[in-house]
Amino acid sequence: MGVGNMGAGIARRLMANGHSIVAWDLSAPRMAALAEGGAGVAESAQAAARDADVVITSLLGDSSVEQSVLSDGGFLASMQPDAIHLCVTTISPDCANRLALAHRSHGTRFVAGPVAGRPDAAAAGQLTTYLAGDRSAVQAVAELASAYAVKIVVLEGPAGLANAMKLSVNYTAISIIEIMGEIYAFAEKMGLDRALLRDYFEDAFNRPALKMYANKLHENSTTGTNGFALVTGLKDVNLMMDAASGCGVNFEVGSIIKRKMLKAIDMGLSEADWSSISQVTRSESGIEV
């Protein structure tokens with residue numbers, strides 16, 4: 001249910017892999033386009049779910065998913081016992097857990113299966129998906145997911161864990177976009193060739209240093225001789241901030257980093273690796289450091 005750009009790509013991949021699809025969407029032209037490719041179409045969400053072994057929803061968010069499932073006209077009431085609802089929408093962890101509880105009460109099963117990737121990746125079967133929820137249902141839908149996802153990550157635990165993982169991925173992406181935007185603005189104001197930054201960004205994520213820091217933060221390690229000491233890093237951050245301010249660019253992320261660096265120094269971490277700012281985040285989140 002929900003056959004926009006992402007949902008339609010997933011549906012077509014499922015059909016290409018021999019699965020029978022019955023589509024439902026508020027847009028008749030979208031359903032007609034899938035019907036031309038061999039999909040069945042339903043007159044309502046309830047009708048689409050009535051005889052389905054697996055109901056897949058690709059909608060907009062918490063409200064649209066809960067409305068489609070739990071409202072008076074929702075499809076939960078028409079699902080067969082033990083049938084599975086696989087939600088590929090990015091929703092909140094709390095919403096995923098509420099849906100899992102509703103399905104459990106109804107005698108049906110729920111799997112949170114948010115996907116990472118663009119619609120063209122869906123059409124090519126190159127998405128990544130995170131699956132969590134009812135264990136037997138996760139195992140059952142993994143084969144379906146292989147039709148549209150090149151990477152399937154199964155998380156043990158409540159359904160909401162899959163959405164927590166997807167939100168982590170999305171937050172990382174938008175944070176990097178913001179940082180790149182700040183740097184491009186700085187480059188323009190300083191007269192630096194933007195192409196140099198583009199080349200750097202394209203190469204940066206293959207650099208060993210980022211992989212090293214991913215592991216350091218995973219292990220909560222603040223030691224090491226291969227990185228920057230915090231006090232040295234603070235000096236460089238001050239240089240960055242002063243240069244940006246001097247040409248009229250606001251390094252907003254840099255302001256957050258500087259605050260945490262100063263707090264980490266107050267915590268006695270001045271000679272620790274500059275990645276120790278992560279300890280401030282942990283402390284401010286109520287995690288013991």
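For reference, positions follow the sequence shown, starting with 1.
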For [X] and [Y], which heavy atoms make the closest approach, and how far apart are they?
X	Y	result
Ala49	Phe75	CB-CB, 3.7 Å
Ala187	Leu197	CB-CD2, 4.0 Å
Ala112	Ala96	CB-CB, 4.3 Å
Leu167	Pro93	CD1-CD, 3.7 Å
Ala132	Pro158	CB-O, 3.6 Å
Leu70	Ala102	CD2-CB, 3.7 Å

- prompt: Step by step, would you call Leu131 with Leu155 a side chain to side chain contact (heavy atoms under 4.5 Å, CB included)?
  reply: CA-CA 6 Å; Leu131 302 178; Leu155 295 89; 6.0 Å; no
message: Students often mix this up, so state it plainly: with edges at 30° and 60°, are the rings of Tyr184 and Phe201 parallel, tilted or perpendicular?
response: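 Judged by the thresholds at 30° and 60°, the geometry between Tyr184 and Phe201 is perpendicular.
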- request: Describe, in one word, how the ring planes of Phe110 and His103 are oriented to each other, choosing from parallel (under 30°), tilted (30 to 60°) and perpendicular (over 60°).
  value: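 Because their plane-to-plane angle is under 30°, the rings of Phe110 and His103 count as parallel.
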Quick check: does any side chain N or O of [X] sit under 3.5 Å from a backbone N or O of [Y], one acting as donor and the other as acceptor?
X	Y	answer
Glu182	Glu252	yes
Thr129	Pro114	yes
Asp134	Arg109	no
Asn163	Ile91	yes
Lys189	Cys247	yes
Gln46	Ala77	no
His106	Leu76	yes
Thr57	Met1	no
Glu271	Leu230	no
Thr89	Leu59	yes

No-hydrogen, no-angle side-chain donor-acceptor test under 3.5 Å, [X] and [Y]:
X	Y	value
Asp62	Ser92	yes
Lys260	Thr281	yes
Lys216	Ser275	no

Linked, directly or transitively: [X] and [Y] (ILVMFWY side chains, under 4.5 Å):
X	Y	value
Leu234	Leu269	yes
Met31	Met6	no
Met190	Ile179	yes
Leu144	Val3	yes
Phe186	Leu196	yes

- request: Output, in order, the C-alpha distance, side-chain angles, deciding distance and verdict of side chain to side chain contact (heavy atoms under 4.5 Å, CB included) for Val237 and Met241.
  value: CA-CA 6 Å; Val237 168; Met241 299 292 288; 4.0 Å; yes
Look up atom [atom1] in [X] and atom [atom2] in [Y], then write down how far apart they are to the nearest 0.5 Å.
X	Y	atom1	atom2	result
Lys151	Tyr130	NZ	OH	6.5 Å
Ile256	Ile277	CD1	CD1	10.0 Å
Asp193	Arg198	CG	CZ	8.0 Å
Glu66	Cys87	CD	SG	10.0 Å
Met15	Ile10	CE	CD1	12.0 Å
Thr108	Asp82	OG1	CG	8.5 Å

Report yes if the side chains of [X] and [Y] come closer than 4.5 Å at any heavy-atom pair, otherwise no.
X	Y	result
Asp94	Arg98	yes
Val111	Val54	no
Ile84	Val55	no
Leu161	Met165	no
Glu143	His19	yes
Ile21	Ile56	no
Phe251	Ile257	no

- request: Cation-pi check, Arg13 to Tyr148: give yes when NZ or CZ is under 6.0 Å from the six-membered ring centre and within 45° of the ring axis, no otherwise.
  value: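 Relative to the ring axis of Tyr148, which defines the angle, Arg13 lies outside at least one limit.
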More than 12 heavy atoms of other residues, nucleotides or ligands under 6.0 Å from [atom1] of [X]: yes or no?
X	atom1	value
Asn5	CG	no
Leu101	CG	yes
Arg282	CZ	yes
Glu202	CD	yes
Arg259	CZ	yes

task: Give the intermediate values and the outcome of salt bridge (charged side-chain N to carboxylate O under 4.0 Å, His left out) for residues Arg207 and Asp203.
output: CA-CA 7 Å; Arg207 291 176 180 255; Asp203 180 58; 3.1 Å; yes
- request: Could you check Val88, Val115, Val150 and say which one makes a side chain to side chain contact (heavy atoms under 4.5 Å, CB included) with Leu127?
  value: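 Single pass found, and it is Val115.
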- request: Applying side chain to side chain contact (heavy atoms under 4.5 Å, CB included), run through Val65 and Leu99 and close with a yes or a no.
  value: CA-CA 9 Å; Val65 173; Leu99 289 168; 3.6 Å; yes
message: Just checking Tyr200 against Phe205, ring centres under 6.0 Å apart?
response: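 No: the rings miss the under 6.0 Å criterion.
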query: Is there a side chain to side chain contact (heavy atoms under 4.5 Å, CB included) between Val253 and Glu178 once you walk through the steps?
result: CA-CA 8 Å; Val253 175; Glu178 165 60 19; 3.9 Å; yes
